[in-house]
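Some notes on the structure that comes next.
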Amino acid sequence: MPLDIYDKIMMLAKRRGFIYPAFEIYGGIAGFYDYGPLGSRLKQNIENLWRSFYLLKDNCVEISTPTITLHEVLKASGHVDEFTDLTVDCKKCKASYKVEGIIEEGIIVEDAVKNDRIKCPTCGAILKDPYPVNLMFSTTIGMGEGRAAFLRPETAQGIFTNFHLLYRYAREKLPFGVIQVGRGYRNEVSPRQGTIRMREFSMAEAEIFFDPKDKTHHNFDSVKDKELYLFDNEKEMKISMGQSVETKVINNQALAYYMYLTQEFLMSAGVDPKKFRFRKHASDELAHYAQECWDAELFSERFGWVECVGIADRSAYDLSAHIESSGTDMYAMRKYSEPKIVEVKKIVPKMGALGPLFKGKADKIKTVLENMELKESKKISVDIDGEILEIPDDCYDIVETKEKVAGEKFVPHIIEPSYGIDRILYCVLEHNYREIKKKGEEYRLLKLNALVAPIKVGVLPLISDERLVKVAKEIDKNLRNAGIATYYDEGGTIGRRYARMDEAGTPFCITIDHDTLEDNTVTIRDRDTTEQERKKIEDAVQYIKDKTSQ
RNA sequence: GCGGAUGUGAUCUAGAGGUUAUGAUUAGGGCCUUCCAAGCCCUCUGCCCGGGUUCGAUUCCCGGCGUCCGCACCA
């Protein structure tokens, strides 16, 4: 079989130090890859470019939380239950299935298991002994029993569990956004598509907290004429931001805005616009927490359309879950323009009467009474640990007071753009890989965008003449001191060195020749045109800086 | 997870039950060299792992792991 583009990219990636299979000397393990020197830097550059969009353009803040996450967090978030699939194998035809997927409609999984109602969809045999499969890596914290924990399947929960603190940090104003860049872990059943599906992967997530009554975005007007490439599972369309929200193709401004930001980011990272689209999730493929979700998909010649970014409206799901499960107040306040005066009828317990009558239970009764909604019925009874107690009239007063109410409490909604960095990185490599013929010979190059290229400039003395080498090394040092990633090379011929830089995706090369010694000029070679321009050394440095800084 | 195919330096590849396992590319050193993988000389790196059969296994058999294809899975 001829090598396809994936094979070629993985070959180049390994040879040039972008991507290696992890633990290869011990046989390797599916779903794990190492980033080599160039890959690491490319990944960092992509991540930092992403940060510049969210931290600077959108004014989010960044936090960093542990990858090991307490069981309680993921139980509350729904991952423990939703990530666990009851699986069953057919001994006859050796297939395995999710129980949920193959039982008759309307039957509960537990009942199906109990009553032998799971049939193999292929051969019809009755299937027995289902077993749970959880896609999260589990571990324990501490010695002995310890506390149950998982490696996080997403970075988002680390942001949610800090919401009340971050809300204070944002000085109690919505909307605000928090980002996190880090590793996530999923114990995939059979990861098979290189860095597209890894068991440990890098993700960049933003969680933007909104008042559910106001999902507008303050930048929306300035970009409302920009167009988005959308695919609603039937047809592709190009539609302006403003129109997409008006016609409810996209539910709200905020969602549309982060889609736009995503599109801009991916283009700056060097994605081919012809291999990009947003696809809307059908209702049956939505994650357990999502209300609406758009994926940014990038086209791979090997893998087809690959989901690289998910932009979901998670509504109040996560914060509500953590409020209920932890008891922490994670509400936000919608302040009235002026405080409202509200007349309130309150029950004020008389402890002098309650105490002697109910003794040890009096304190609990007091708490219940104080939090009770006052109803019309005359008799008041309370439920204390399952015991219904009637409270005589003389144990409390009903007091009418006027209270100032500053606003109403609500659970913020969350819009979550979530990026799979490794997938984006692979697609960027694939979209920018070129093969051309040079003098009849195969010639490979990576046309990486200068913003993300791991090496910004190759510094090359035309020949290994001592005088040229000396100047070249000096220029190289100055460039690095100016914060520009360089690669100094004096080995072999100049053509070979250009070729090396082309394969590494380096956008520029500075060549030091004999004229340099005369007049302090160098040539700058452009990777994509191979054309050269002669400039003063200082101008060349400035030129490279301008072209490559994020 | 199931079935099939497959595994030789960093990369691509030849090979046979038996001395020191091909060739090319890359990489390193040298000569040469005033702009796109030129040439010449030298050099480094390898039979996926474990077990079995055999006097002898990188080669045959079994298992594991990796990769690829199909099925299932991918919240």
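All figures in this text were calculated on a predicted structure; none of them were measured in a lab. In what follows, chains are A, B, ... by sequence order, proteins preceding strands, each numbered from 1.
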Select one nucleotide: of [options], the one nearest the side-chain heavy atoms of [X].
X: A/His514; options: B/U11, B/C73, B/U34; value: B/U34
X: A/Tyr33; options: B/C73, B/U67, B/C35; value: B/U67
X: A/Ser464; options: B/U33, B/C68, B/C35; value: B/U33
X: A/Ala30; options: B/G66, B/G1, B/C35; value: B/G66
X: A/Lys14; options: B/C35, B/U11, B/G1; value: B/U11
X: A/Met11; options: B/C73, B/C36, B/U11; value: B/U11

Rounded distance (Å) that lies between atom [atom2] of [N] and atom [atom1] of [X]:
X: A/Phe32; N: B/G66; atom1: CZ; atom2: P; result: 11 Å
X: A/Asn134; N: B/C73; atom1: CG; atom2: C1'; result: 14 Å
X: A/Arg534; N: B/U34; atom1: CZ; atom2: P; result: 16 Å
X: A/Leu468; N: B/U33; atom1: CG; atom2: C1'; result: 12 Å
X: A/Ile494; N: B/U34; atom1: CD1; atom2: C1'; result: 10 Å
X: A/Asp515; N: B/U34; atom1: CG; atom2: C1'; result: 9 Å
X: A/Ile463; N: B/U34; atom1: CD1; atom2: P; result: 6 Å
X: A/Arg497; N: B/A38; atom1: CZ; atom2: P; result: 11 Å

Whole-angstrom distance between [N] and [M], as gauged at atom [atom1]:
N: B/A5; M: B/G63; atom1: P; value: 12 Å
N: B/G64; M: B/G4; atom1: P; value: 12 Å
N: B/U25; M: B/U20; atom1: P; value: 27 Å
N: B/G7; M: B/G15; atom1: C1'; value: 15 Å
N: B/C32; M: B/C41; atom1: P; value: 16 Å
N: B/G50; M: B/G39; atom1: C1'; value: 48 Å
N: B/G17; M: B/U13; atom1: C1'; value: 22 Å
N: B/A27; M: B/C60; atom1: P; value: 34 Å

May I ask you to say what [X] touches in the nucleic acid, namely base, sugar-phosphate or nothing, with a heavy-atom cut-off under 4.0 Å?
X: A/Arg302; result: sugar-phosphate
X: A/Gln532; result: base
X: A/Leu286; result: sugar-phosphate
X: A/Leu460; result: nothing
X: A/Tyr443; result: base

Tell whether [X] reaches the base of [N] with its side chain through a donor-acceptor pair below 3.5 angstrom.
X: A/Arg192; N: B/G66; answer: no
X: A/Tyr498; N: B/C35; answer: yes
X: A/Asp502; N: B/C36; answer: no
X: A/Thr493; N: B/A37; answer: no

Only pairs with both distances under 3.5 Å count, Watson-Crick or wobble alike; so what is the partner of [N] in this structure?
N: B/C35; result: none
N: B/G63; result: B/C49
N: B/C68; result: B/G4
N: B/A16; result: none
N: B/A21; result: none
N: B/A27; result: B/U43

Inset, instruction - Return yes if some donor-acceptor pair links the side-chain N/O of A/Arg199 with the main-chain N/O of A/Glu188 below 3.5 Å, else return no. - result: yes

Measure up the [X] and [Y] rings against each other and bin them: parallel (under 30°), tilted (30 to 60°), perpendicular (over 60°).
X: A/Trp305; Y: A/Phe299; value: perpendicular
X: A/Tyr6; Y: A/Phe303; value: perpendicular
X: A/Tyr419; Y: A/Trp50; value: perpendicular
X: A/Tyr289; Y: A/His79; value: tilted

Taking the six-membered ring of [Y] as reference, does the cationic atom of [X] (NZ for Lys, CZ for Arg) lie under 6.0 Å from its centre and within 45° of its axis?
X: A/Lys547; Y: A/Phe508; result: no
X: A/Arg277; Y: A/Tyr229; result: no
X: A/Arg525; Y: A/Tyr498; result: yes
X: A/Lys215; Y: A/Phe210; result: no

Inset, instruction - Evaluate the criterion ring pair (Phe, Tyr, Trp, His ring centres under 6.0 Å) for residue pair A/Phe276 and A/Phe278; output intermediate values, then yes/no. - result: CA-CA 7 Å; A/Phe276 162 83; A/Phe278 282 112; 5.2 Å; yes

Inset, instruction - I would like to know whether A/Thr155 and A/Glu205 meet side chain to side chain donor-acceptor pair (under 3.5 Å); could you show each step before the answer? - result: CA-CA 7 Å; A/Thr155 64; A/Glu205 295 190 299; 2.5 Å; yes

Legend entry - A/Glu503 or A/Arg423, whichever maps to the more 5' nucleotide of RNA chain B: A/Glu503

Legend entry - Pairwise 5' ranking along RNA chain B for A/Glu24 and A/Pro153, keeping only the more 5' one: A/Glu24

Inset, instruction - Sugar-phosphate atoms are those with a prime plus P, OP1 and OP2; base atoms are the rest. Using that split, label each nucleotide of nucleotides 22-27 of chain B B, S or - for protein heavy atoms under 4.0 Å, 5' to 3'. - result: ----SS

Inset, instruction - Could you run through nucleotides 46-51 of chain B and give me one letter per nucleotide, 5' to 3': B if any protein heavy atom sits under 4.0 Å from the base, S if only the sugar-phosphate is that close, - if neither? - result: ------

Inset, instruction - Can you establish whether the number of heavy atoms outside A/Glu466 located under 6.0 Å from its atom CD is more than 12? - result: no

Inset, instruction - Please report the closest heavy-atom contact between A/Asp295 and A/Gly310, naming both atoms and the distance. - result: OD1-CA, 3.5 Å

